[in-house]
Amino acid sequence: MDVPNGQSVVSTAAATLSEKASSSDSVSDGGSELRKSFDAVVFDVLKVTPEEYAGQITLMDGPVFIAIQPEELSSCGWNKKEKHSSAPNAVAFTRRFNQTSFWVVREILHAQTLKIRAEVLSLYIRTAKKLCDMNNLHAVMAVVSALQSAPIYRLSKTWALLSRKDKTAFERLEYLMAKEDNYKRLRDCIRSQSLVPCIPYLADGVIEDPVH
């Protein structure tokens, strides 16, 4: 059964984008085509802190999640042919997932050197940790899914440059968001914070009661 998380869409888009990146996990001089596609003024993703990214992502995710109606989840409306009319807010929430994931993949693959690419990867791991601290589990899964996608996960030289702290942080996030036993660890996490504001990851087996 399809779930409203958009992971397959992100993987497909990421794979397409990765064709423009170096297959040897480094950026060669042949990347002129990619550089030409940049605007005259390029936003430096590294100039924004993980705290700021996590805060802004949560500010964008919150209103979309709050707009979801219980019947959109109980009816599994996002799986229906008429999903845009039967579950418009759940679909919009899925779109937010895709936007966040594709943004993460794009920024990592657009890095112009191996060193910068490792710094951007580290930035997003720390951003995911901050999102977890904010209980935005929807965005945590979006970032983790992006980092687990083939175009990013296969960058062995980039991952090798990460600090032990970053690698450990990512392993913990992967452990929390793992699919084993219908996301048991994630469900336990949500249940333990029932009185704390939370933006959950919406997938079959995670949300046991379609009430928010």
Side-chain angles (χ1 to χ4, degrees), residues 5-58 60-61 93-132 136-174 176-179 201:
N5 55 31
Q7 291 185 50
S8 59
V9 177
V10 173
S11 297
T12 302
T16 301
L17 180 59
S18 70
E19 294 175 1
K20 297 181 180 179
S22 169
S23 60
S24 61
D25 195 13
S26 63
V27 180
S28 67
D29 293 336
S32 58
E33 257 185 54
L34 184 60
R35 287 192 291 274
K36 287 178 183 176
S37 69
F38 288 177
D39 294 334
V41 178
V42 180
F43 171 69
D44 187 351
V45 69
L46 292 173
K47 288 187 176 180
V48 181
T49 67
E51 292 83 1
E52 290 172 318
Y53 278 131
Q56 291 303 309
I57 291 171
T58 301
M60 290 187 285
D61 287 346
F93 202 49
T94 299
R95 190 177 302 117
R96 279 292 308 141
F97 184 102
N98 293 338
Q99 289 169 344
T100 300
S101 287
F102 189 68
W103 167 65
V104 170
V105 171
R106 182 190 64 199
E107 293 299 335
I108 294 173
L109 295 181
H110 275 179
Q112 295 297 289
T113 68
L114 181 59
K115 180 177 181 294
I116 293 176
R117 182 173 290 170
E119 290 175 355
V120 176
L121 177 58
S122 171
L123 172 72
Y124 286 124
I125 291 174
R126 287 179 284 124
T127 297
K129 186 176 183 302
K130 291 298 179 183
L131 286 164
C132 194
N136 186 348
L137 302 176
H138 172 261
V140 173
M141 181 62 87
V143 176
V144 169
S145 295
L147 300 184
Q148 290 175 328
S149 66
I152 304 303
Y153 210 68
R154 71 185 183 188
L155 301 176
S156 57
K157 294 180 182 178
T158 301
W159 286 94
L161 290 180
L162 290 179
S163 67
R164 170 57 59 184
K165 182 178 180 180
D166 284 338
K167 290 178 181 178
T168 300
F170 182 63
E171 289 169 359
R172 288 175 177 171
L173 290 169
E174 280 191 308
L176 173 64
M177 310 306 287
K179 294 180 180 180
Y201 170 60

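Checking side-chain atoms of S101 against main-chain N and O of A142 turns up a donor-acceptor pair under 3.5 Å. Here the side chain of Q112 pairs a donor or acceptor atom with the backbone of H110 at under 3.5 angstrom.
A 4.5 Å side-chain heavy-atom check between L121 and L161 finds every atom pair outside the cut-off. Here the side chains of L147 and I108 are in contact, with some heavy-atom distance below 4.5 Å. Two residues are said to be in side-chain contact when any heavy atoms from C-beta on lie closer than 4.5 Å; E174 and F170 meet this criterion. Between I125 and L162 the shortest side-chain heavy-atom distance falls below 4.5 Å.
Atoms CE and CD, on M177 and Q148 in that order, are 9.5 Å from each other to the nearest 0.5 Å. Separation of atoms CG (L46) and CD (E107) is listed at 9.0 Å; rounding is to 0.5 Å. Distance CZ/R106 to CD1/I152: 12.0 Å, rounded to 0.5 Å. Atom OH of Y53 sits about 15.5 Å away from atom NZ of K130, to the nearest 0.5 Å. Summarising the geometry, atom OG1 belonging to T94 is positioned 6.5 Å from atom NE2 belonging to H138; distances are rounded to the nearest 0.5 Å. Rounded to the nearest 0.5 angstrom, E51 CD and K129 NZ are separated by 9.5 Å.
Smallest separation of non-hydrogen atoms from V140 and A128: CG2-O, 3.6 Å. Heavy-atom minimum distance, T127 versus P50: OG1-CA, 3.6 Å. Between V45 and Y124, the shortest heavy-atom contact is CG2-OH, 3.3 Å. Smallest separation of non-hydrogen atoms from A146 and S149: O-OG, 2.6 Å.
The residue from V144, L137, N136 that alone fulfils the side-chain contact (heavy atoms from CB on, under 4.5 Å) condition with L131 is N136.
A side-chain N or O of S122 and one of R126 form a donor-acceptor pair less than 3.5 Å apart.
In summary, K167 and E171 do not engage in a salt bridge, as defined by a charged side-chain N under 4.0 Å from a carboxylate O.
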*Worked check of side-chain contact (heavy atoms from CB on, under 4.5 Å) between T158 and V120*: CA-CA 10 Å; T158 301; V120 176; over 6 Å; no
